[in-house]
Participant: 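My questions all concern the structure below.
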Protein chains: 2
Amino acid sequence: MTKPNARARPSHRVPKPEAGYHHGELQEALIAASEAILAEQGAEGFTLREAARRAGVSPAAPSHHFGNAQGLLTEVAIRGYEALAGALRDAASGRQGAREKLHAQGMAYVEFALKHPGRFQMMFANKRLVADDARLAQASRAAGHEFEIIIAELVGGTAKEAKTAAAAAWSTVHGFAKLALEGKFGPVRSEAEHREIMTTLNRVLNYLWPVGSARRQVQIED
Amino acid sequence: MTKPNARARPSHRVPKPEAGYHHGELQEALIAASEAILAEQGAEGFTLREAARRAGVSPAAPSHHFGNAQGLLTEVAIRGYEALAGALRDAASGRQGAREKLHAQGMAYVEFALKHPGRFQMMFANKRLVADDARLAQASRAAGHEFEIIIAELVGGTAKEAKTAAAAAWSTVHGFAKLALEGKFGPVRSEAEHREIMTTLNRVLNYLWPVGSARRQVQIED
DNA sequence: TCGCAATCTGAACAGTGTCAAGATACGCAT
DNA sequence: ATGCGTATCTTGACACTGTTCAGATTGCGA
């Protein structure tokens with residue numbers, strides 16, 4: 001340093017008094033800090049330096065564990081997908097009947113997005129993640145698989161039809177979630193507005209995926 | 001700069017030799033430059049300084065016309081929504097029958113997103129735009145209105161049901177477009193992959209919005 | 001023709017991600 | 001137990017970014 005520093009030790013690390021020069025749990029601390037930033041400021045508010053600051057560590061420290069900001073965010077996204085998969089699983093396990101399970105999953109998907117907007121947006125911000133990370137791809141597919149399980153139960157058709165139906169279901173809820181987060185269905189700040197959005201979703205799901213009626217599809221002309 | 005620069009005049013403005021100190025068409029030049037960046041580098045690649053550079057102007061110049069980066073991007077987004085509305089209108093005008101029109105609009109929506117990924121992503125990146133800009137909101141609603149026109153024709157029901165159906169249609173194609181852009185339905189680089197995605201979309205639309213059959217909905221339990 | 005307002009530049013500031021060197025501390029082999 | 005290699009973290013720097021402000025330049029109306 002150019003000028004002598006009167007303080008014996010750097011001002012970092014102060015909020016984490018239990019740690020010495022070596023943090024010990026820096027990976028976890030950085031991930032937790034990142035998730036906190038995403039929760040408070042949204043995806044655009046994330047900053048590697050801020051995450052390091054919250055973990056009580058210098059800006060360069062994260063690179064030794066995650067390589068770069070993308071690496072850290074990829075880890076956060078992976079956990080996000082795991083949490084999402086869990087939410088989808090839980091939603092389905094509470095109901096019986098494929099249609100009801102799918103409906104509950106759709107509601108849970110959007111609920112997840114509205115409750116954790118920053119995390120959700122980051123999970124689908126490929127350019128800010130390590131796009132070809134194997135674990136990320138796996139976690140994403142695992143979450144999608146939760147849909148496919150129910151879909152396979154719902155449509156009695158071929159695998160191709162199941163794939164189509166799964167893409168349709170995912171598109172529906174994902175599009176709704178994204179549009180809701182961008183305020184296209186009205187603001188989502190208060191709890192009342194949140195509920196408003198969810199009842200709109202309920203109507204949409206009932207409209208697109210009506211109960212009863214094994215849906216007989218027209219032959220698909222490519 | 002710290003060391004003297006030998007060049008007599010700044011390197012700006014050189015690529016636009018027809019302009020003097022006053023650019024004359026700086027607004028348009030900046031918008032065009034921004035759209036070029038979005039087309040080449042995607043939404044994350046946009047930079048105010050780079051846009052100014054391409055317009056042959058200093059980094060501070062855009063502020064006099066757009067206030068800040070959000071202002072410029074808002075203008076770009078407005079034009080994007082206008083282009084999208086036009087594409088939806090064109091798609092519907094080529095067909096007859098509400099179902100066919102809606103199907104064509106859905107295809108056009110995703111086609112637009114895949115052909116202009118950067119612009120599309122930016123249109124829905126509220127945090128990077130002037131969120132409460134009246135013209136932006138108007139342009140967005142105008143695009144959505146293109147859907148609603150056809151939907152009103154398709155569902156013979158109440159206004160509430162039409163609103164639900166419009167939200168459903170928009171969610172479907174928007175979700176599909178977003179997921180496709182994030183590579184969730186496979187890569188989209190080559191022209192062949194692009195077509196592959198579009199046939200998947202075709203199946204999805206046929207699945208969710210089957211031809212014929214005025215869809216009788218179950219009563220909605222809120 | 002003069003003066004004013006619009007337009008643009010230059011320089012600066014705070015903040016960002018990343019990198020290369022060096023400081024520090026853990027843990028393992030001896 | 002002791003030394004040493006290595007993982008971990010800091011320091012300082014660099015090239016960027018968006019934005020602001022004072023000043024230079026220019027077009028245009030009176």
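Below, read A as the first sequence line, B as the second, and so on, with proteins coming before strands; counting in each chain starts at 1. When reading the values below, keep in mind they use all heavy atoms of this one structure, side chains included, and skip hydrogens, waters and symmetry mates.
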Participant: Can you list, by residue number, the residues of residues 117-135 of chain B that have a non-hydrogen atom closer than 4.0 angstrom to DNA chain D?
Facilitator: none

Participant: Name the closest nucleotide to the A:A61 side chain, picking from D:dT10, D:dT17, D:dT19.
Facilitator: D:dT10

Participant: When you get a sec, tell me which of C:dT7, D:dT19, C:dT18 is the closest nucleotide to the side chain of A:A69?
Facilitator: C:dT18

Participant: Hey, do the aromatic rings of B:F120 and B:Y109 have their centres closer than 6.0 Å?
Facilitator: yes

Participant: Check the distance between C:dG15's C1' and B:R49's CZ and give it to me in whole angstrom.
Facilitator: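 After rounding, the reported distance stands at 12 Å.
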
Participant: If you check the A:S58 side chain, which of D:dT10, C:dT16, C:dT9 turns out closest?
Facilitator: D:dT10

Participant: May I ask you to list the residues of residues 33-46 of chain B, by number, that have any heavy atom positioned under 4.0 Å from an atom of DNA chain D?
Facilitator: none

Participant: Taking the minimum atom-to-atom distance to the side chain of B:A60, which one of C:dG17, C:dC19, C:dT9 wins?
Facilitator: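 So the side chain of B:A60 is nearest to C:dT9.
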
Participant: Which nucleotide, C:dT9, D:dC9, D:dT19, lies nearest any side-chain atom of B:P59?
Facilitator: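 Selected nucleotide (nearest to the side chain): D:dT19.
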
Participant: Kindly say if B:R53 contacts the phosphate of D:dT17, meaning a side-chain N or O under 4.0 Å from OP1 or OP2.
Facilitator: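 Yes, B:R53 has a side-chain N/O under 4.0 Å of OP1/OP2 on D:dT17.
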
Participant: Looking at B:H65, does any N or O in its side chain come under 4.0 Å of the phosphate oxygens OP1/OP2 on C:dA6?
Facilitator: no

Participant: Check the distance between C:dG17's P and A:F66's CZ and give it to me in whole angstrom.
Facilitator: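 It is 15 Å, rounded to the nearest whole Å.
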
Participant: Expressed in angstrom and rounded to an integer, what is the separation of A:L26 atom CG from D:dT10 atom C1'?
Facilitator: 13 Å

Participant: Are B:K101 and B:E146 close enough for a salt bridge, meaning some N to O gap below 4.0 Å?
Facilitator: no

Participant: Side chain of B:N68: nearest nucleotide among C:dC8, D:dC9, D:dT19?
Facilitator: D:dT19

Participant: To the nearest 0.5 Å, how far apart are CZ in A:F147 and CD in A:Q105?
Facilitator: 5.5 Å

Participant: With rounding to the nearest 0.5 Å, note down the distance linking CG in A:L181 to CD in A:Q121.
Facilitator: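 So the CG of A:L181 and the CD of A:Q121 are separated by 5.0 Å.
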
Participant: Once rounded to the nearest 0.5 Å, what's the spacing between atom OG of B:S190 and atom CD of B:E193?
Facilitator: 3.5 Å

Participant: Calculate, to the nearest 0.5 Å, the distance between atoms CD and CG belonging to A:Q138 and A:D133 respectively.
Facilitator: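 That separation rounds to 11.0 Å.
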
Participant: Check for me whether the distance between the ring centres of B:F185 and B:F176 falls short of 6.0 Å.
Facilitator: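 Ring centres of B:F176 and B:F185 closer than 6.0 Å.
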
Participant: So that I can tick it off, tell me whether B:E75 and B:R135 are bridged by a salt bridge, with the cut-off set at under 4.0 angstrom between side-chain N and carboxylate O.
Facilitator: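 Looking at B:R135 and B:E75, the cut-off is met.
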
Participant: Between A:R54 and A:E50, does any side-chain N to carboxylate O distance fall below 4.0 Å?
Facilitator: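 Yes, charged N to carboxylate O under 4.0 Å.
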
Participant: How long is the line joining CD of B:E25 and P of C:dT7, in whole Å?
Facilitator: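 Nearest whole value for this atom pair: 13 Å.
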
Participant: Salt bridge or not between B:E28 and B:R79? Use side-chain N to carboxylate O under 4.0 Å.
Facilitator: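 Result for this pair is yes, salt bridge flagged.
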
Participant: Name the nucleic acid region contacted by A:S63, choosing base, sugar-phosphate or nothing; use a 4.0 angstrom heavy-atom cut-off, strictly under.
Facilitator: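 Counting heavy atoms under 4.0 Å across all strands, no contact is made by A:S63.
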
Participant: B:H64 or A:L48: which one's nearest nucleotide on DNA chain C is closer to the 5' end?
Facilitator: B:H64

Participant: Rounded to the Å, how far apart are B:E50 CD and D:dT19 P?
Facilitator: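 These atoms are roughly 16 Å apart.
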
